[in-house]
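Only this structure's heavy atoms are used, side chains among them; waters, hydrogens and symmetry mates stay out. All figures in this text were calculated on a predicted structure; none of them were measured in a lab.
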Amino acid sequence: SLDDRQKWLLNLTRFELGSEAIFEDGQHRFRFEPSQPDWQEFAGSYDLDWRRAEASAAHFYRLGSPLADRVISCSVDKQLEPATLSFEYNKQDGRISALEPLRGRSGWLRLTRITVTALEPQDFLFLTGFPDTGQELDEDLCRKLLTLPATFKPGPLRPTSELDDLEDRRKLTILTDIDRRNGLLFEAEIDKLERWSDDLKLSLEREVKAIEKDLRDVKRESRYATDLAGRLTAERRKRDLESRKSQKLRELFDARAAIDKQHDELVTRLEAELQGQQTVQNLWTVRWSLE
């Protein structure tokens, strides 16, 4: 059996390769015999079952394999004009009851891609759709609609402004969510830096306090020493401890300065990254009907 991603990949591959690929029904494998020179390097047998592929010396076909990358790239690069899709409910294996209220109706459907480069590159795909009479379709229902078989008819079509308005609202919701999650990432980075800062300062402060305790003990020994040799020994220990204390205080000062610098650099970097670009791409728009 195939998971959803494998099914999507197999269906996309079947569409993109067309008659130049021979698919075995129900076997999740195919043979690709390209006629175009720039596809020749991908010729061969492919199987989505890695054990069977290994046994038959076929290519294991999966996301990330060279042919799959090429198929996906070709699909993504297509410039699709608005068109009409007539979905056929009765041909669906296992009826989707949620789509029953849409039978005999028509409307609009659009797939949009948002790319955000703030903090880390992020891609979002979302579907916007609605029937001519009725409220906006939730995304899950849009996805269910796309699982049905359909016939295609090219445009020209002029999408309604309502579709643009719905897309803008969905886009705003996604961008708001991105901003919220970026805020959480920022807080996590600051918290991590502050925890490290607190641990470092606490460690150095404990060392300084330990040295100060030793200094008090040495001073007491020096006062109660009965001979000069004992007092000189105590004095040398005292000077050594004071030197160590001064060194630790310098380390503490330097650590605080370094932490403050890292904090400022983090804030500056995140401020710059938050100015990252946002691009919105309308991948396709269709006029749909459900028979």
Side-chain angles (χ1 to χ4, degrees), residues 4-5 8-9 11-12 63 72-73 75-87 96-102 105-148 150 152 154-193 266-290:
D4 284 342
R5 287 179 177 270
W8 298 338
L9 177 61
N11 288 336
L12 182 64
L63 288 170
I72 293 171
S73 177
S75 178
V76 169
D77 290 341
K78 281 184 168 61
Q79 300 297 315
L80 303 176
E81 296 297 325
T84 298
L85 289 178
S86 179
F87 293 101
I96 303 174
S97 58
L99 294 176
E100 281 279 2
L102 297 179
R105 301 172 72 179
S106 58
W108 291 93
L109 189 62
R110 174 176 288 169
L111 179 65
T112 306
R113 176 184 184 181
I114 296 180
T115 303
V116 180
T117 59
L119 294 185
E120 58 184 15
Q122 301 174 79
D123 267 327
F124 298 87
L125 294 175
F126 66 90
L127 288 161
T128 304
F130 62 91
D132 292 334
T133 56
Q135 296 181 340
E136 175 186 5
L137 302 177
D138 64 51
E139 188 155 7
D140 183 61
L141 205 57
C142 292
R143 290 180 180 273
K144 284 183 169 63
L145 188 62
L146 289 172
T147 65
L148 299 176
F152 164 80
L157 295 169
R158 184 185 296 275
T160 66
S161 60
E162 184 180 356
L163 186 61
D164 295 331
D165 294 340
L166 287 176
E167 181 187 36
D168 288 341
R169 289 202 292 271
R170 288 292 312 281
K171 180 177 67 177
L172 179 61
T173 300
I174 290 174
L175 293 177
T176 301
D177 185 59
I178 292 172
D179 187 63
R180 180 187 63 80
R181 286 190 282 120
N182 283 340
L184 294 176
L185 286 174
F186 172 75
E187 290 178 8
E189 290 289 332
I190 292 296
D191 287 345
K192 184 167 63 176
L193 180 61
L266 175 63
V267 171
T268 301
R269 177 175 64 83
L270 293 178
E271 283 178 340
E273 291 183 359
L274 283 174
Q275 302 305 314
Q277 296 182 344
Q278 300 170 356
T279 58
V280 180
Q281 181 183 7
N282 182 341
L283 296 179
W284 50 254
T285 300
V286 296
R287 174 74 177 162
W288 61 268
S289 63
L290 181 59

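Taken to the nearest 0.5 Å, the CG atom of Leu172 stands 12.5 Å off from the CD atom of Glu167. Atoms CD1 and CG, on Ile72 and Leu63 in that order, are 5.0 Å from each other to the nearest 0.5 Å. Taken from CG in Leu102 to OG in Ser289, the straight-line distance is 11.5 Å, to the nearest 0.5 Å. Within the model, atoms CG of Leu85 and CH2 of Trp288 stand 11.5 Å from one another, a figure rounded to the nearest 0.5 Å. In this structure, Arg180 CZ and Asp177 CG are separated by 4.5 Å, a value rounded to the nearest 0.5 Å. Atom CG of Leu125 sits about 8.5 Å away from atom OG1 of Thr115, to the nearest 0.5 Å.
Listed by chain and residue number, Trp108, Arg110, Leu163, Thr285 satisfy the side-chain contact (heavy atoms from CB on, under 4.5 Å) test with Pro159 (two or more places apart in sequence, or in another chain). Checked against side-chain hydrogen bond (donor to acceptor under 3.5 Å, both in side chains), Arg113 has the following partners two or more places apart in sequence or in another chain: Asp123.
Without hydrogens or angle criteria, Arg287 side chain to Pro82 main chain gives no donor-acceptor distance under 3.5 Å.
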| request: Go through the steps to decide whether Arg143 and Glu139 satisfy the test salt bridge (Lys or Arg N to Asp or Glu O under 4.0 Å), and finish with yes or no. | output: CA-CA 6 Å; Arg143 290 180 180 273; Glu139 188 155 7; 3.8 Å; yes

| field | Trace of the salt bridge (Lys or Arg N to Asp or Glu O under 4.0 Å) decision for Lys144 with Asp140 | value | CA-CA 6 Å; Lys144 284 183 169 63; Asp140 183 61; 2.5 Å; yes

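Across every non-hydrogen atom of Leu80 and Leu283, the tightest pair is CB-O, 3.9 Å.
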